[in-house]
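All chains are named by letter (A, B, ...) in the order of the sequence lines, taking the proteins before the strands, and each is independently numbered beginning at 1.
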Protein chains: 4
Amino acid sequence: MTAQVESMVRRVETPEFDIMRAAYAELVVTDLAASERFYVDMLGLVVTHRGDDVLYLRGWEERTHHSLVLRVGAEPYAERLGFRTRSNDDLELIEAEFERRGCVTRWVDGDLLGMGRALRVWDPFGVPLEFFHDIELHETQLQRFDLQRGAPIMRLDHFNLHSAQVEKTMAFWQDLGFRCTEYISTDGDDERITGGWLCRKPTVHDLALTAGRGPRLHHLGFYVAEPPGVLRCCDQLAAGGYAPTIERGPGRHGVSNAFFVYLRDPDGHRIELYACDYYTGDPDHEPIRWSVSDIRCRSFWGAQAPDRWYDESTLLMGPDGTTTTVLDPNVDERTSRSEVMA
Amino acid sequence: MTAQVESMVRRVETPEFDIMRAAYAELVVTDLAASERFYVDMLGLVVTHRGDDVLYLRGWEERTHHSLVLRVGAEPYAERLGFRTRSNDDLELIEAEFERRGCVTRWVDGDLLGMGRALRVWDPFGVPLEFFHDIELHETQLQRFDLQRGAPIMRLDHFNLHSAQVEKTMAFWQDLGFRCTEYISTDGDDERITGGWLCRKPTVHDLALTAGRGPRLHHLGFYVAEPPGVLRCCDQLAAGGYAPTIERGPGRHGVSNAFFVYLRDPDGHRIELYACDYYTGDPDHEPIRWSVSDIRCRSFWGAQAPDRWYDESTLLMGPDGTTTTVLDPNVDERTSRSEVMA
Amino acid sequence: MTAQVESMVRRVETPEFDIMRAAYAELVVTDLAASERFYVDMLGLVVTHRGDDVLYLRGWEERTHHSLVLRVGAEPYAERLGFRTRSNDDLELIEAEFERRGCVTRWVDGDLLGMGRALRVWDPFGVPLEFFHDIELHETQLQRFDLQRGAPIMRLDHFNLHSAQVEKTMAFWQDLGFRCTEYISTDGDDERITGGWLCRKPTVHDLALTAGRGPRLHHLGFYVAEPPGVLRCCDQLAAGGYAPTIERGPGRHGVSNAFFVYLRDPDGHRIELYACDYYTGDPDHEPIRWSVSDIRCRSFWGAQAPDRWYDESTLLMGPDGTTTTVLDPNVDERTSRSEVMA
Amino acid sequence: MTAQVESMVRRVETPEFDIMRAAYAELVVTDLAASERFYVDMLGLVVTHRGDDVLYLRGWEERTHHSLVLRVGAEPYAERLGFRTRSNDDLELIEAEFERRGCVTRWVDGDLLGMGRALRVWDPFGVPLEFFHDIELHETQLQRFDLQRGAPIMRLDHFNLHSAQVEKTMAFWQDLGFRCTEYISTDGDDERITGGWLCRKPTVHDLALTAGRGPRLHHLGFYVAEPPGVLRCCDQLAAGGYAPTIERGPGRHGVSNAFFVYLRDPDGHRIELYACDYYTGDPDHEPIRWSVSDIRCRSFWGAQAPDRWYDESTLLMGPDGTTTTVLDPNVDERTSRSEVMA
């Protein structure tokens, strides 16, 4: 690897605020009943609240009110990606950081059930984020083995974004205190980063960046307890008539060591069921480099992913009520198609 | 091992009739609703038929009408142990065999739902058996992964009897065409068999004999698809308030290689969930000997079983409407307590 | 399904001889050391005997001398597919059956280590078979958990043949006493069988037929104890540099309920690791029909198999020392390409 | 629960220093070759360095030089329990804290291979601790699936101490910034804490306290990837003649949700293999209370632990070269035997 990329991926910033972890996503879906059948009946997420036009869901071990909010709308898109901060006081510091960058920021209060004051912002690339601390706590279902069904989805783990500017976007998240755990880069002297995995909690990631037309939400990653749970989920989906929702896998990623399967929900939103994470909390934890030409980084066992896994993604809602403009990986980034296809 | 025991366990008879396999048991229970909660809600058996005082159940891969019949009665006992024959014509040959031995035999027809003509007999030791061929076939639930819940109980596998006369009882079943796959015997010149595993289908057993006060039904063995299914079942039972039903294990038997757990149903009937069987179908398959002093035969990992696992069993119904007389392992059999405790 | 196909698949013959099960294959490989690294170091098969130009291997629970014989040669092909008979006397009866059909038959004695007299025949389609009873027995490694490594391959399970004449070939094997457990057929009035699974032992198959250019050996199927063993094997192969040997899967077949992965050995011979079989031993076990247009029969979860999985296969050695002529599925069989691609 | 205990377990302190996690233990063993067979050959730990009288080991995903140091000595005991700090500068702050309490403190430098400067201290109860930041980093073996064998031990997870003064000891560790995730307490108005689980990294624990004669090391907890890995380990141990090392389990703890097995190494040091942890990183994560009378807290499935699991533990080395004095749970703590036996 080149010294330049090495210094880029190793950069560690410690801002004054403390973003703890990826916490929830709000997705807009076109048929709430169809979404409930998929996420609740088939995948087994726990319903915290069911409203006329909204569903609040959480994983088996989660205590916070929701990690996935599904709201009915005319077109599918992602409304926001929520991160929990260590304290309420972090929010003003984050607001200042985003205002300094000229980003749109908005305070909301009780915008979602179970939540209090929260800070919505659109990052410099147009991604709709929300930062919050206050959220209602609920009982975990971790040991209610008698109630559990579907896949053993323990918790929301991470967001994966399609980005047309991977290196700049990675630098931005590093400024917010995220640390790079693994990355993919091109070979040769003109090394460029085409994929990055960034964490706050001590796992492989809270946020990952994949080179491609963006910004778009590539997928939501849910942590499942063990690989057999992923297999069981595939069997249940197929038996229930949902085989077409299985887009890629099951398989092993070299990057992150994930035992994965990718599903497309009834609106095409992509989710990953993800097992086999590892501890990354020590501050001298070295980022692992994967060459873009090494097929094992994306598929340790060598299986090809379908094109749509690389091409398709969920649009993001902008501050003006229309979805964010999507850019092609630009010339300055010099990320060729073959690199994107890593 | 002594030559005498070696010739005993290796004996292979080929009677004219063909008993295919252990097929079903009928148990009398005192509270059918409680039994349904245990066997259906917790363990996940499939209901073929639910009557006022009877429940017909089968495993996920089973196609025959039932492998477990639960009938309400004042006291718990085992009504009969059913074996399926290859053809209907086998039944007369079996009748002749039992009459030759002076056993009680009775023809029944439509005695149970889904069945036709069947031959009830009480074997020379007082065990209530039934032989039959005709039984209604149903759809398998093997690939209805969306409906499956509870433990992955695939099928009834075997009956295990407490016997006061293990060697004589083993010889009797060998006469019926059963072959010994594994056995436990005492050490020294006066070697005696204290446990025997006998099969017709090419697995470790359809019938096992355990030295002890008998004849009684020690347990029904159900085959589960894989060890994690046994663990999941324990978690579900405990979460549902059924932890006290878990009597022994999970663990590994040396004998049969079973990954097992033993449960006691609401009436105290014992069932085994059993994974990790192996193929025994070749005619020169050698019986495996275990010394009664080798703790690994009963508990490969060394854990002690509770006394009640050795002492308690289900009584059997006799031909006269009272339960069969239970004998202590008799002096002629010279099976001491320590041997029984294998 | 049409009455004609229904009567075809339900046909049960009981010849005088008793072929018990698929027992071993002999494959010719070009680099024995490379094959040993693959089959022994990576997959974990047990070495019974290692010679200068031959390797005798068996699975963890197998007691017979070998289930896979690898012999060095200039070109890879399959030398023979061995079936074990219940007794030695079956061999003459089988010889008569093949001579009646005008097939080449040959007696060999001690042709392979650990074996005695055996009958080699080439079936009417050119497949090199061997029938035998006598074979040396060895200790099982089933409970030598401390020695086990690689995949938990328990035993050879079945042979899968590419056949240009599936219906005729199925009828031939039914004449030998094999029973159809599952099959794939075309839709409509002119229903044709394009795949058949046939057993002698009470599992889904000892022999399967896949429509395609044949006769060729599509794959050897090895039974593994549980799905996680298949995953572990993929991880080990990939970590050892063998990812390119993983051709298809892991995944679930609808047919047979197999949790599978297909591998190509260093010479391109295909093997399947196969878990999740079920009991088929009752004589009224109904064959399961799958429509050729139902993607779930081949891939329950919907993933596409690569073309080479359908097209490529191992050539078979003929009686004259040259490999058997391969035919395209002929016009009389009216099996179109799309049907073959089931 | 009483308000008093509630406030005790909920206390959160944020000292100026940052102890990141339990990092390694040094145990004295009497036969290094025997220990290597147990920890390396059977359990599969990775050898970082093998010296004449010392062995440095780490788990599959660990990058730091060692998580277990085994050193030869005349009698078995625990030499020290090491915690890693976020930075080197934390060490002086920790030194001040312990000196303020009148504890023995000592600086060492290069005392162990792969390490630099470190602070040894004996806590107020006599437990030998070490705090350090600098440690050599090594390659992970996480994806060297081809090299892995034994149990899938990923990393050292926690220390469990037998303590005669659970409440005071818990308060001490809370002062150091540890947070209580779960605890066991007596019922009634005079509620007393008899067990506590305390963490720094966001898992259930880095340190646990069990009421009993202490201070002693009850066990080292190693995190394994998944429950089947625990089963495989038991099978391997038993097959290798190590069944007597399996002391308790496998089973499920209610507390911590651990799927566990407890082993005794050749010197009697106890280790736990531990799967199924959960995320505890949010600052408002509520401690879970278990009643001492609820058998499920220690054994979710209800199995009894042997007495020696409660009674026996490893002695700790004091600052003067003799092992620490062990106290009975004292009268002030009013922890009766029955409470200890929780």
Any donor-acceptor N/O pair, C:Asp265 side chain to C:Asp267 backbone, under 3.5 Å = yes
Which residues share a salt bridge (charged side-chain N to carboxylate O under 4.0 Å, His left out) with A:Arg296, sequence neighbours left out = A:Asp294
task = Before accepting this row, confirm whether a basic side-chain N of the pair A:Glu62/A:Arg155 lies closer than 4.0 Å to the acidic partner's carboxylate O.
result = no
ask   = Using 4.0 Å as the upper bound for N to carboxylate O, is an ion pair formed by C:Lys201 and C:Asp157?
value = yes
key: Residues of residues 35-43 of chain A with any heavy atom under 4.5 Å of a heavy atom in chain C   = none
query = By a 4.5 Å heavy-atom criterion (distance strictly below it), what part of A:Phe259 contacts chain C: side chain, backbone, both, or neither?
reply = side chain
Under 4.5 Å from any heavy atom of chain A - which part of C:Pro244 = neither
ask   = Mind checking what makes side chain to side chain donor-acceptor pair (under 3.5 Å) contact with A:Asp235, not counting sequence neighbours?
value = C:Arg252, C:Trp301
ask   = For chain C, which of A:Leu231, A:Thr245, A:Val261, A:Ile295 has the most heavy-atom pairs under 4.5 Å?
value = A:Leu231
request  = Determine the option with the most heavy-atom pairs under 4.5 angstrom with chain C, choosing from A:Pro228, A:Pro306, A:Pro250, A:Gly254.
outcome  = A:Pro250
task = Scan side-chain atoms only and decide if A:His218 and A:Thr210 contain a donor-acceptor pair under the 3.5 Å cut-off.
result = no
Side-chain donor-acceptor contact under 3.5 Å, C:Thr314 with C:His269 = yes
message = Among residues at least two apart in sequence or on other chains, which ones pass ring pair (Phe, Tyr, Trp, His ring centres under 6.0 Å) with A:Tyr274?
response = A:His158, A:His205
